[in-house]
Amino acid sequence: MKRFTRRDFLATGAALAAASAIAPQAFAQAQAPAGLRYKPESGAKLRVLRWKRFVQGDEDMWLANTKKFTQLTGIEVRVDNEGWEDVRPKAAVAANVGSGPDIIIGWFDDPHQYPDKLNDLTDLADYLGGKYGGWYDVCKRYGMRDGKWIGMPLGIVGNALVYRESHVKAAGFDAIPKDTAGFLKLCQALKAKNTPCGFALGKAVGDGNNWAHWLMWSHGGKMVDDKGNVVINSPETIASLEYAKQLYETFVPGTLSWQDPSNNKAFLDGQVSLTANGISVYYAAKNSPDPKLQEMSKDIQHARFPIGPVGKPTELMQITQMMQFKYSKYPNAAKAYMQFMMEADQYNPWMKAAIGYVSQPLKAYEANPIWTEDPKHTVYRDGGSIMLDNGYSGPLGLASAAAMADYIVLDMVAEAASGSKSPKEAAARAQTRAERYYKV
């Protein structure tokens, strides 16, 4: 397969200019390759539901690309934005009642909660994979069920450690330790310097789930084994929760109620010196009119999560997927829109406008200049190549999606870390909760 280069990326500008001259009625022939044609239905109108942006450029370019689609096709597209925590329940309601947006951009393995309510996207996924270097394996796991694509991975909202370099050095460390034992010592040292860390323990779809799963997996704990048997109540999980208790003692107060925006605010307010987040914190500081925040941006660095006793990377990041529902009156128009948004002429500028907040599900887009023009971006490029899926190490499906939606792992970590339950009690309760979904 062709590997895309920076030159390929820059060349898309010329292609985009040419595309703007295409008449709407020629869209199906001009935009779709031979053998893959989506002729929009007569009178088609689309409604798209997606999550609210954390980076303004993301939303601005998404809407600009949508406007171009309308100009090319004549298809009116309404885009609604909802809070991260609200998209999942709204998607579930739409699936159950058989009415709602034509396309919903949701999270993780949500498509596996209602696969029979979604249209088959295999032809589109095969085309995109063949054209753009292939899908990362983790994206295939998330998007496919029984050999068919039921979700279209749009991107990976990268998650990494975000920290104040000067504070880490003041605590006696040159960089983030590579192992969990050293990481705990760093957090204890930051606490002693009154520059503590903080990680979300509330119902945070992204930041909370990401670090809680890393914590459990890093010590060898799992929700289920390879065959889908619930094994979360294990010595390895309990060891991870003992570690969580020690780590929680170094946290700034209030993390039990943190949702996804909370650690952004705490970091920028100077309440914490270390957290887990996307690249949005860095850019919020860098682009702020406040000189103090601009100065802070120079001190912000990013790093991968440390390796635990299991001896390998164990990171979770939130993948976002486009889902096309069978109740839509305009499935061809919806596929045409999805294809248009994933093509290089739209996707490369969108990912660049999002300043690295979303990384690619297709390998060719690794060549986007956003990943190398600022070294602080690069750590976010590799989400698709290193991350585990949220059902690890069992099969993705109805059970894994429901367990994730029910925050079983995150609740378990919060209970044990805060002391509301002992690690053994928290693991036992998680086992019981998980067994409701993973029925033998």
Side-chain angles (χ1 to χ4, degrees), residues 9 11-51 53 57-81 94 99-106 118-132 143 149-155 320-354 358 361-362 364-365:
F9 171 81
T12 61
L16 185 58
S20 65
I22 297 173
Q25 63 269 25
F27 174 79
Q29 290 75 26
Q31 287 296 114
L36 186 69
R37 297 174 181 272
Y38 302 116
K39 185 177 180 181
E41 296 83 357
S42 177
K45 293 183 178 181
L46 296 177
R47 182 181 165 203
V48 178
L49 174 65
R50 56 157 285 172
W51 37 270
R53 86 289 182 275
D58 151 35
E59 184 176 309
D60 291 345
M61 186 56 69
W62 187 270
L63 294 177
N65 284 337
T66 298
K67 183 178 180 180
K68 278 187 286 182
F69 175 79
T70 297
Q71 291 171 341
L72 285 167
T73 64
I75 299 170
E76 178 184 331
V77 182
R78 168 184 162 187
V79 179
D80 297 323
N81 301 282
S99 177
D102 302 272
I103 298 169
I104 296 181
I105 304 176
L118 301 172
N119 281 329
D120 184 356
L121 303 174
T122 302
D123 56 347
L124 177 56
D126 288 348
Y127 157 69
L128 291 170
K131 186 174 181 179
Y132 295 113
W149 288 81
I150 58 171
M152 181 63 57
L154 171 64
T320 182
Q321 301 203 77
M322 294 187 283
M323 299 176 284
Q324 187 189 121
F325 288 79
K326 286 183 177 179
Y327 58 67
S328 172
K329 297 178 181 178
Y330 310 113
N332 287 343
K335 271 191 177 182
Y337 178 82
M338 293 168 72
Q339 175 182 333
F340 184 80
M341 300 300 269
M342 294 297 294
E343 294 279 12
D345 290 338
Q346 287 67 243
Y347 195 88
N348 267 323
W350 172 66
M351 191 164 63
K352 195 170 191 306
V358 181
L362 291 159
Y365 292 131

For this session: Please lay out, stage by stage, how Ile75 and Leu46 fare under the test side-chain contact (heavy atoms from CB on, under 4.5 Å).
Result: CA-CA 7 Å; Ile75 299 170; Leu46 296 177; 4.1 Å; yes
For residues [X] and [Y], report the shortest heavy-atom separation together with the two atoms involved.
X	Y	answer
Ala344	Pro349	O-CD, 3.5 Å
Met338	Met152	CE-CB, 3.5 Å
Pro361	Pro153	CG-O, 3.4 Å

Measure the [atom1]-[atom2] distance between [X] and [Y] for me, rounded to the nearest 0.5 Å.
X	Y	atom1	atom2	value
Lys326	Asn119	NZ	CG	6.5 Å
Phe340	Asn65	CZ	CG	6.0 Å
Ile105	Arg50	CD1	CZ	6.0 Å
Leu72	Lys67	CG	NZ	12.5 Å
Leu121	Met323	CG	CE	11.0 Å
Lys68	Asp345	NZ	CG	7.0 Å

For this session: I would like to know whether Asp58 and Val358 meet side-chain contact (heavy atoms from CB on, under 4.5 Å); could you show each step before the answer?
Result: CA-CA 9 Å; Asp58 151 35; Val358 181; 5.5 Å; no
Problem set entry | Any side-chain heavy-atom pair of Arg53 and Trp62 under 4.5 Å |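 Heavy-atom side-chain distance check fails, nothing below 4.5 Å.
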For this session: Kindly indicate whether the side chain of Lys352, heavy atoms from C-beta on, has any atom under 4.5 Å from the side chain of Met61.
Result: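 Contact flag for Lys352/Met61 side chains = no.
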Under 3.5 Å donor-acceptor, [X] side chain and [Y] backbone:
X	Y	value
Tyr337	Asn332	no
Thr70	Glu76	no
Tyr327	Pro101	yes

Exercise. Between Met341, Gln321, Met342, which is the residue that forms a side-chain contact (heavy atoms from CB on, under 4.5 Å) with Leu154?
Worked result: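 The side-chain contact (heavy atoms from CB on, under 4.5 Å) with Leu154 is passed solely by Met342 among Met341, Gln321, Met342.
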For this session: Verify side-chain contact (heavy atoms from CB on, under 4.5 Å) between Trp149 and Asp126, making sure each step is shown before the conclusion.
Result: CA-CA 9 Å; Trp149 288 81; Asp126 288 348; 4.0 Å; yes
Problem set entry | Contacts of Asp102 that satisfy side chain to side chain donor-acceptor pair (under 3.5 Å) - sequence neighbours left out |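 Side chain to side chain donor-acceptor pair (under 3.5 Å) check on Asp102 returns Ser328.
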For this session: Evaluate the ring planes of Tyr365 and Tyr347, with Trp represented by its six-membered ring, and classify them as parallel (under 30°), tilted (30 to 60°) or perpendicular (over 60°).
Result: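 Rings of Tyr365 and Tyr347: parallel, under 30°.
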Problem set entry | Check against side-chain contact (heavy atoms from CB on, under 4.5 Å), Ile104 and Gln324 | CA-CA 7 Å; Ile104 296 181; Gln324 187 189 121; over 6 Å; no
Exercise. Do the charged groups of Lys335 and Asp123 touch, with an N to O distance under 4.0 Å?
Worked result: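 Counted as a salt bridge, because a side-chain N and a carboxylate O are separated by less than 4.0 Å.
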